[in-house]
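The model shown is predicted, which means the values in this text are computed figures rather than measured ones. Atoms within each ligand, like the ligands themselves, are counted from 1 in listed order. This chain uses plain numbering: 1 for the first residue, then up along the sequence.
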Amino acid sequence: MEIRIDGVGKSYVAEGKEVRALDRVDLTIPANRIFTLLGPSGCGKTTLLRCIVGLETPDSGEIRIGGEIVWSAARGINVPPEKRGLGMVFQTYAIWPHMSVFDNVAYPLQIRGLARREIDAKVAAALRFVQLEGLDKRSATRLSGGQQQRVALARALVAEPKVILFDEPLSNLDAKLREETRKELKTFLGQLGITAVYVTHDRVEALALSDAIAVMRAGAIVEIGTPQKIYFQADHRFVADFIGRANLIDAKVRGVEGGHTVVDTALGAFACQQRDLAAGSEATLCIRPEFMRVDAGSAAAGVNNTVDGVVESIAFVGEVYEVEIRAAGLLLLARVEPDAEIHAGDTVRFGVDPAHCLLVSR
Ligand code: ATP
């Protein structure tokens with residue numbers, strides 16, 4: 001079910017000052033996909049999610065879920081949360097500690113007054129789906145964090161929502177469990193094929209889980225795209241920086257040469273992926289650390305995309321070394337294989353394929 005958000009604004013007053021949490025947001029969330037709202041703390045992700053659910057009242061705009069208007073300032077429509085047909089999973093598992101797994105999952109059906117036999121069947125199906133069958137009599141608190149989050153998911157699913165919304169559901173789990181639960185969640189949601197709206201500030205979670213990501217800043221959507229588009233082909237410096245480690249270098253466009261947009265930077269000339277930018281305009285050259293090719297020795301003078309630098313630090317982080325290289329006063333980050341013969345103080349040459357030189361906004 002598609003969700004359409006038109007001109008939704010929301011301000012709060014805190015300590016006598018207005019905080020613009022949402023700045024007239026326009027957004028279409030496609031049906032039956034995992035759509036993630038990603039952005040730094042305070043950018044308005046939770047406020048937007050709560051406006052969709054109906055737990056927050058916007059100041060302006062319109063929200064449609066599957067074509068039905070659930071909120072409209074102009075038309076005076078405000079459908080209450082329980083009538084919007086949505087399921088929600090929060091950061092805190094929000095399961096009831098004094099209840100069994102069964103009673104936690106059955107709760108939304110009990111308040112709807114369903115017959116006992118129907119409740120039993122639906123709860124059993126939901127628990128089977130999240131692979132918790134056989135644990136229905138267990139006290140909900142006597143489960144691992146990942147299992148508790150699956151109880152919360154089963155409870156959200158049991159009422160057969162049209163849309164399911166998640167607000168940082170994995171942030172209370174430790175790193176390994178978070179990764180496992182993330183994979184399970186992706187599988188579950190893929191099988192269900194319902195619209196999922198997912199809020200996180202964790203870029204890896206967003207990249208691994210989503211069909212599409214909307215990156216937010218200061219109450220506005222900056223850019224929307226697939227994880228690959230957002231990571232490799234961002235338009236905005238803010239997005240390129242937020243979604244992953246990046247070397248961001250001020251650049252001035254020289255023009256198009258041989259199918260590449262050539263820019264001048266403090267490091268010299270760089271041939272980049274072609275972008276529609278006027279000669280003389282300012283841009284940012286974005287190079288991901290994994291695309292820096294680092295070799296011992298000096299660069300041949302005047303060669304595009306190749307620069308001399310001095311290794312300032314080198315850190316072993318598991319699969320690779322992270323190397324900081326000082327060049328033309330800039331500190332750049334490269335990821336190199338553990339077997340590379342590189343040491344602090346070495347003069348090195350690094351080069352970048354033009355295909356991996358991305359130009360984003362200044
Ligand atoms: P986080 O990742 O930290 O949860 P977020 O992106 O979800 O952040 P929101 O919780 O939507 O951000 O908050 C957006 C802005 O609105 C912030 O500046 C926040 O301080 C402010 N805000 C949110 N709720 C209230 C409130 N009830 N009263 C006053 N200001 C609020």
* To do: Using a strict cut-off of less than 4.0 Å between a Lys/Arg side-chain nitrogen and an Asp/Glu carboxylate oxygen, indicate whether Arg116 and Asp120 qualify as a salt bridge.
  => yes
* To do: Using a strict 4.0 Å threshold on nitrogen-to-oxygen distance, state whether Asp136 and Arg138 make a salt bridge.
  => no
* **Between Glu223 and His236, a side-chain donor and acceptor under 3.5 Å** => yes
* Write out all pairs satisfying ring-ring contact (aromatic ring centres under 6.0 Å, His included) with one or both partners inside residues 120-140, taking only residues at least two apart or from two chains. => Phe129-Phe188
* To do: Mind checking side chain to side chain contact (heavy atoms under 4.5 Å, CB included) for Pro40 and listing every partner two or more places apart, or none if nothing turns up?
  => Cys43, Phe238, Phe242
* Structure fact -> Those residues at least two apart in sequence (or on a different chain) that pass salt bridge (Lys or Arg N to Asp or Glu O under 4.0 Å) with Glu133 are none
Extract all N/O-N/O pairs under 3.5 Å that connect ligand 1 to the protein, and present each with both atom names and the distance rounded to 0.1 Å.
from: ligand 1; atom 1: 2 (O); to: Lys45; atom 2: NZ; distance (Å): 2.8
from: ligand 1; atom 1: 3 (O); to: Ser41; atom 2: OG; distance (Å): 2.6
from: ligand 1; atom 1: 6 (O); to: Gly42; atom 2: N; distance (Å): 3.4
from: ligand 1; atom 1: 6 (O); to: Cys43; atom 2: N; distance (Å): 3.0
from: ligand 1; atom 1: 6 (O); to: Gly44; atom 2: N; distance (Å): 3.0
from: ligand 1; atom 1: 6 (O); to: Lys45; atom 2: N; distance (Å): 3.1
from: ligand 1; atom 1: 6 (O); to: Lys45; atom 2: NZ; distance (Å): 2.9
from: ligand 1; atom 1: 7 (O); to: Thr46; atom 2: N; distance (Å): 2.9
from: ligand 1; atom 1: 7 (O); to: Thr46; atom 2: OG1; distance (Å): 2.7
from: ligand 1; atom 1: 8 (O); to: Gly42; atom 2: N; distance (Å): 2.8
from: ligand 1; atom 1: 11 (O); to: Thr47; atom 2: N; distance (Å): 2.9
from: ligand 1; atom 1: 11 (O); to: Thr47; atom 2: OG1; distance (Å): 2.5
from: ligand 1; atom 1: 12 (O); to: Gly44; atom 2: N; distance (Å): 3.3

